[in-house]
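As the structure lists them, so they are numbered: ligands from 1, and atoms in each ligand from 1. Source: prediction; values computed, not measured.
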Amino acid sequence: MVQPRIKAPRGTQDFLPDQTRRWQVVERFAREVAALYRFEEIRTPVFEDTALFHRGVGETSDIVTKETYTFTTRGGDDLTLRPEGTAPVVRALLEAGQLDQPGATAKLYYLSTPMLRYERPQAGRYRQHHQFGIEAFGVAAPEQDAECILLQLDFYRRCGLGQLTLHLNSLGDAESKARYGAALRDFFAARIDAISDESKRRLETNPLRILDSKDPRDVAARQGAPANVEFLSDRSRAHFDRVRALLGEMKVDYTLNPGLVRGLDYYTETLWEFEAGGLGAQAAVGGGGRYDNLVETLGGKPTPGVGFGLGLERLLLALEAQGIALPDAYRRPVWVIAQSDKARDACLKLLTELRHAGIAADTDYTGRSVKAQFKLADRARSSHVLIIGDYELEREAVAVKDLETGEQREVERAKVLELFVPHDDGPH
Ligand code: HAM
């Protein structure tokens, strides 16, 4: 009986080689750009204590109230699959004692990190997505905000992504945020009948969240809502002005967007989001901001922080939609064919020597004909085919066919390796 097949869970994706090839290219770019800015990699577990996200991301955020995968283990621990990367990074640094010294700084990135959110899947929105993110700790200066934005932009540019819009806003410090919250509460309280039931609740818990509600009633009701820049303290305003001036200095275009609040409660001061053309509704290819109170909220000493997270699925979708081909990272192999049973050992030896010399090489072990193997070699986009048969064994030689020119010649066995240039970072 044929067994029924099991499908991948809703909202998740598999990436087979025609996709992972593209992932590897953007991952290489991410590492290169991060290294240029001297950010170093951090990896944290895929699940964390549930309290981390409640305290870190916020009890009133959609991510925590509606989207977490939370479970109790057999041992009774309350755990949550990581929905975002910032709170875990803070937790890890605190646990390692790296933010304990006064004036401590840290510049970290994470790459292709799976994030799990129980969202309604649609194009560009998944229940598991992967982020490239960076987090910079210990620097309150606006230069750090600008540097993060510039790093993000450099990465997109290196990938070839175009049609980018940078949305920029500032929530200000805790005091500005509180004043703004109160103003929004007054504004929406006067329109209580026009807003959604959920936003009626948000009015009590966090009126800022009404600004990123997708409910059409809330979208209509927030017309004319006060803009937060009007509530910034002098210090926050000066910080924001400086970030804007720095971006101007670096020739980075941006749009001031007073409606940008982003979905995580930890943000303070500068907020930003990049949108890319070609994506439809899920156009946000990455966003970030400052979170100057998060480290303290999670039990550390007051330590400013700023960073971004960007979705790699959306980046790859946007590149495709914009018709941008990534550079081909595929290393063309050489294909080795044993023309007789006697030649099999010699082929295996040659194959191993090639690989040890850093040259990608492949063969067929299933007994296909020479003709069928040439087809395989073509399909693998091989540069050359190396054939060893009884004749070549006798002459201690290899028949080398250049698949580009079609030319075939005999090469001394001892000199075959010299024909090829090793791949500097190993074969792909
Ligand atoms: P976020 O805006 O929630 O921020 O997510 C960052 C990016 O991840 C989004 O702009 C989007 O590209 C991608 N993304 C989010 N949800 C999905 C989804 N369901 N499917 C596909 N892609 C998605 C954060 O997570 C913050 N931790 C970023 C940050 C780091 N802020 C400061 N440091």
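- A side-chain donor-acceptor contact under 3.5 Å links Asp145 and His239.
- The shortest contact between atom 12 (O) of ligand 1 and any protein heavy atom is with Ala284 O, 2.9 Å.
- Only the side chain of Tyr110 comes within contact range of ligand 1, with a heavy atom under 4.0 Å; no backbone atom does.
- Side chains of Ser199 and Arg202: a donor on one and an acceptor on the other come within 3.5 Å.
- Counting heavy atoms closer than 4.0 Å to ligand 1, residue Met115 contributes nothing at all.
- The one candidate from Tyr180, Phe240, Phe187 that meets the ring pair (Phe, Tyr, Trp, His ring centres under 6.0 Å) condition with Phe231 is Tyr180.
- Not close to ligand 1: Glu313, with no non-hydrogen atom less than 4.0 angstrom away.
- The ring of Tyr110 has its center no closer than 6.0 angstrom to the ring center of Phe132.
- At a 4.0 Å heavy-atom cut-off, ligand 1 touches Arg117 through the side chain alone.
- The part of Gln131 lying near ligand 1 is the side chain, judged by heavy-atom distances below 4.0 Å.
- The shortest heavy-atom distance from Gly286 to ligand 1 is under 4.0 Å.
- Taking any N or O of Ile63, backbone or side chain, none lies under 3.5 Å from an N or O belonging to ligand 1.
- Listed by chain and number, the residues in a side-chain hydrogen bond (donor to acceptor under 3.5 Å, both in side chains) with Glu269 are Ser236 (sequence neighbours excluded).
- Here's the thing with Arg125: none of its N/O atoms is less than 3.5 angstrom from an N/O atom of ligand 1.
- Counting heavy atoms under 4.0 Å from ligand 1, residue Tyr267 touches it through the side chain alone.
- In this structure, the ring of His384 has its center less than 6.0 angstrom from the ring center of Phe420.
- The shortest separation from a heavy atom of Gly305 to ligand 1 is not under 4.0 Å, leaving the residue out of contact.
- Within the structure, ligand 1 has Tyr266 among the residues with a heavy atom less than 4.0 angstrom away.
- In the vicinity of Gly288, heavy-atom distances shorter than 4.0 Å reach the ligand 1 atoms 31 (N).
- Heavy atoms of Glu119 found under 4.0 angstrom from ligand 1 belong exclusively to the side chain.
- Using a 3.5 Å distance cut-off with no hydrogens or angles, the side chains of Ser196 and Glu198 do not pair a donor with an acceptor.
- If you number the atoms of ligand 1 from 1 as listed, the ones under 4.0 Å from a heavy atom of Val285 come out as 10 (O), 12 (O).
- Ligand-side atoms of ligand 1 in range of Thr86: 27 (N), 29 (C), 30 (C), 31 (N), 32 (C), 33 (N), range being under 4.0 angstrom from any heavy atom.
- Taking the six-membered ring for Trp and the full ring otherwise, Phe39 and Tyr109 have centroids separated by 6.0 Å or more.
- Residue-to-ligand polar distances place Glu135 within reach of ligand 1: an N/O pair is separated by less than 3.5 Å.
- Residues passing the side-chain contact (heavy atoms from CB on, under 4.5 Å) test with Asn293 are Ala174, Thr268, Thr297, sequence neighbours excluded.
- Ligand 1 has no N or O atom lying under 3.5 Å from any N or O atom of Glu273, backbone or side chain.
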